[in-house]
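Each remark here refers to the structure printed beneath this line.
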Amino acid sequence: MLTIYQSLGGRVQAALGRAFPKDTYSSKESGYILDPQLVSASKPEFGDFQINGALQLTKILKKPPRDIANAIVEELIRDETFLEICELPEIAGPGFINITLKPQCLIRELQERINDNRLGVPSIKYALEGQSNPPVIIDFSSPNIAKEMHVGHLRSTIIGDCLARVFEFRGHQVLRLNHVGDWGTQFGMLITHLKQVAPEALSTVNAINLGDLVKFYREAKQLFDEDKNFQRNSREEVVKLQNGDPLSLKAWRLLCNQSREEFQKIYDRLHIHLNERGESFYNPYLKEVIESLNESGLLVIDDGAKCVFLEGILGKDGLPLPVIVQKRDGGFNYATTDLAAIRYRFNNSPKGDGACRLIYVTDAGQANHFAGVFQIAERANWIPKGARVEHVPFGLVQGEDGKKLKTRSGETVRLRDLLDEAINRAEADLRRRLSDEGRIETEEFIAHVSTTVGIAAIKYADLSQNRVSNYQFSFDRMLSLQGNTAPYLLYALVRIAGLARKGGNLNAAVNELLFIEAQEWELIRELLKFDEVIVNLEEELLPNRLCNYLFELSQTFNRFYDQVPILKANEPYRNCRLVLCRLTADTLKQGMTLLGIPTLERM
Ligand code: ARG
């Protein structure tokens, strides 16, 4: 109801202005505009919108809140246009004003929704004609080469993909960047180990399979810790790699390729699309970071290391915290790479992305890292005016015991095992249900439904939590047909598809929309909230808000479906109800698509 909200906003503001003209109150700030605080109603009992400002306005207007509310209402009901769309406003409690839209206003809005394939969600427009659409960069997933992609990366992948989808749907150009950890001193030991155990890999043209890279990493690490010679070779190897030694580079590429293939298998299963641009990409730009920091006077040499001291962020010792940007031995680190990345991403020349907004999706443990990096970028003037950089942190994935997620034998859970188990359990549930219902389905159907439901459950369980908090991973909960789960939402869609199979024409043309039941109006109101949810998501970056909305919508739909006859109703009600069903299906499908979750016709 964004359009209504906007026009109502203007009306309410004007009414407030008429009730309290500028010369009737004094405000320290000249040009101060009174804020009526018009918001969507927090509960259905409050109607569609609320004006909450009266309480705060008492301070400026020096009148009791109820008097202020009364004065606003008096002016509002003098406004004919207002009364065309709204019922008489009601004052509640100490001075809240509740606004309820008239049925014909809701119907008009509904009519527009039915004919709009964007379901009311506005597409962003660039104010200036011919102005290019600057990309929004979402940096997500970003696992480390030769290491396991763990549940933290899974969270980043799922949340980042959802945000990317929302920005894309809004009409932004989105750059989905996979900032993989493909550079660093660990490659010294990996390459040294590779040269020892599989020298043939470096002499043949075809890449050879190194087997389990994670095991390979562990072996290399052990040698590094125990063997002085190996350690020396590894250090030399790092220098060789940095100097572009062809053989070292070949080994490095081999390791990266192998990891990349493993990661891609997970992305394919999750239907995630990403552009890899790893840390190594920024190597040519690292020196410039140091130079630029030096020029702007931010660089300090501390104990031989080049660093920047942060303002307002103190270390444990109470002293300003430094961010090291070049180590004593001349090496660069994670922070340097991120600084180079910010410069590159905002850079407007062909040597950059010219982005307007950078979003980093990582675990909350990296909050300090990003706070430091962003502050340095800010102070070095690398962030263009009006551009934004944001860290989108998320909490830990925990087992049902509240501890770090582990396998029964205490090892870290492999992502592919996690996905497999969700799918297997979804399959077992489905087979049980089929046999209970005496239904017979093909194996193909069973495989398709189990895969879709299993993956959907994992994604939805993650997205539906407020990302900032830790979340407890529970197969039983996420696969349940009850509660705020993917299967529950998918099932609402299956019900609607079922109506169509039973002869309901979801696309019937309706001359006049007629509704008489409370459940119908509830559903209409819920449907009309979709646009606001999506637009807010772009600001708040909280996918759980969309999940909650879709859950509300499914519940409201199910009440309507259970309590109001649809196929058995007489015309014109039958078709009008089918229209509501279709719009519910479209809204649920679009919402799920934005979450990155495919839907089903039957399950
Ligand atoms: N590779 C890092 C990790 O596994 C995440 C990188 C996030 N992106 C960034 N630009 N720092 O923790």
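None of these values were measured; they are calculated from a predicted model.
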Salt bridge (Lys or Arg N to Asp or Glu O under 4.0 Å): which pairs involve residues 450-468, sequence neighbours left out?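 Qualifying pairs, neighbours excluded: R155-D462.
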Does anything in residues 550-564 pair up under salt bridge (Lys or Arg N to Asp or Glu O under 4.0 Å), and if so which pairs, sequence neighbours excluded?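 Only R495-D562, E522-R559 qualify under salt bridge (Lys or Arg N to Asp or Glu O under 4.0 Å).
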Does any part of the side chain of [Y], heavy atoms only, come nearer than 4.5 Å to the side chain of [X], both counted from C-beta?
X    : Y    : answer
V121 : F530 : yes
L600 : H448 : yes
I137 : R357 : no
V136 : Q173 : no

Quiz question: by atom type and distance under 3.5 Å, do the side chains of [X] and [Y] form a donor-acceptor pair?
X    : Y    : result
N558 : Y491 : no
S141 : Y267 : yes
H391 : T362 : yes
Q366 : Y334 : yes
E400 : Q472 : no
E148 : T412 : no
Y460 : N484 : yes
E261 : N257 : no
H153 : N144 : no

What are the two closest heavy atoms between [X] and [Y], and how far apart are they?
X    : Y    : result
D531 : G120 : CB-O, 3.3 Å
L588 : S554 : CD2-OG, 3.6 Å
G160 : V361 : CA-CG2, 4.0 Å

Is the terminal nitrogen or CZ of R577 (NZ for Lys, CZ for Arg) located under 6.0 angstrom from the six-membered ring centre of F515 and within 45° of that ring's axis?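 Output no; distance or angle outside limits.
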Cation-pi between R170 and F167: NZ/CZ under 6.0 Å from ring centre and within 45° of the ring axis?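 Geometry flag: not set, cation outside 6.0 Å or 45°.
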Should the heavy atoms of other residues, nucleotides or ligands under 6.0 Å from CD of Q264 be counted, would the total exceed 12?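 Yes - once you tally the heavy atoms of other residues, nucleotides and ligands closer than 6.0 Å, there are more than 12.
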Is the number of heavy atoms from other residues, nucleotides or ligands under 6.0 Å of I440 CD1 greater than 12?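 Open.
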D139/R277 under salt bridge (Lys or Arg N to Asp or Glu O under 4.0 Å): CA gap, chis, key distance, verdict: CA-CA 10 Å; D139 175 319; R277 197 200 270 169; over 6 Å; no
Would you check, one step at a time, whether the test side chain to side chain donor-acceptor pair (under 3.5 Å) holds for D338 with Y360? CA-CA 11 Å; D338 262 326; Y360 297 79; 4.8 Å; no
Candidate pair H179 and E276, rule side chain to side chain donor-acceptor pair (under 3.5 Å), full reasoning: CA-CA 7 Å; H179 190 85; E276 185 184 316; over 6 Å; no
Atom OG of S480 and atom CZ of F475: how far apart are they, to the nearest 0.5 Å?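 Here the rounded value is 15.0 Å.
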With salt bridge (Lys or Arg N to Asp or Glu O under 4.0 Å) as the criterion, how do E443 and R431 come out once you've worked through the C-alpha distance, each side chain's angles and the decisive distance to 0.1 Å? CA-CA 10 Å; E443 284 303 310; R431 287 192 192 276; 2.8 Å; yes
Where do I524 and L580 land on the side chain to side chain contact (heavy atoms under 4.5 Å, CB included) test, with the steps shown first? CA-CA 7 Å; I524 292 167; L580 288 188; 3.7 Å; yes
Run the salt bridge (Lys or Arg N to Asp or Glu O under 4.0 Å) check on D429 and R425 step by step: do they pass? CA-CA 6 Å; D429 285 353; R425 287 184 183 229; over 6 Å; no
Taking NZ, NE, NH1 and NH2 as the nitrogens, is one of them in R269 or D420 under 4.0 Å from a carboxylate oxygen of the other?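 Looking at R269 and D420, the cut-off is met.
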Side chain to side chain donor-acceptor pair (under 3.5 Å) between S280 and D182, intermediate numbers included: CA-CA 6 Å; S280 64; D182 65 353; 2.7 Å; yes
Does Y488 form a side chain to side chain contact (heavy atoms under 4.5 Å, CB included) with Q555? I'd like the steps, not just the answer. CA-CA 9 Å; Y488 182 82; Q555 284 179 305; 3.4 Å; yes
Using the rule given for salt bridge (Lys or Arg N to Asp or Glu O under 4.0 Å), can you reason through E168 versus R165, listing the C-alpha separation, both sets of side-chain angles and the distance that settles it, and then say yes or no? CA-CA 5 Å; E168 282 153 3; R165 285 165 181 269; over 6 Å; no
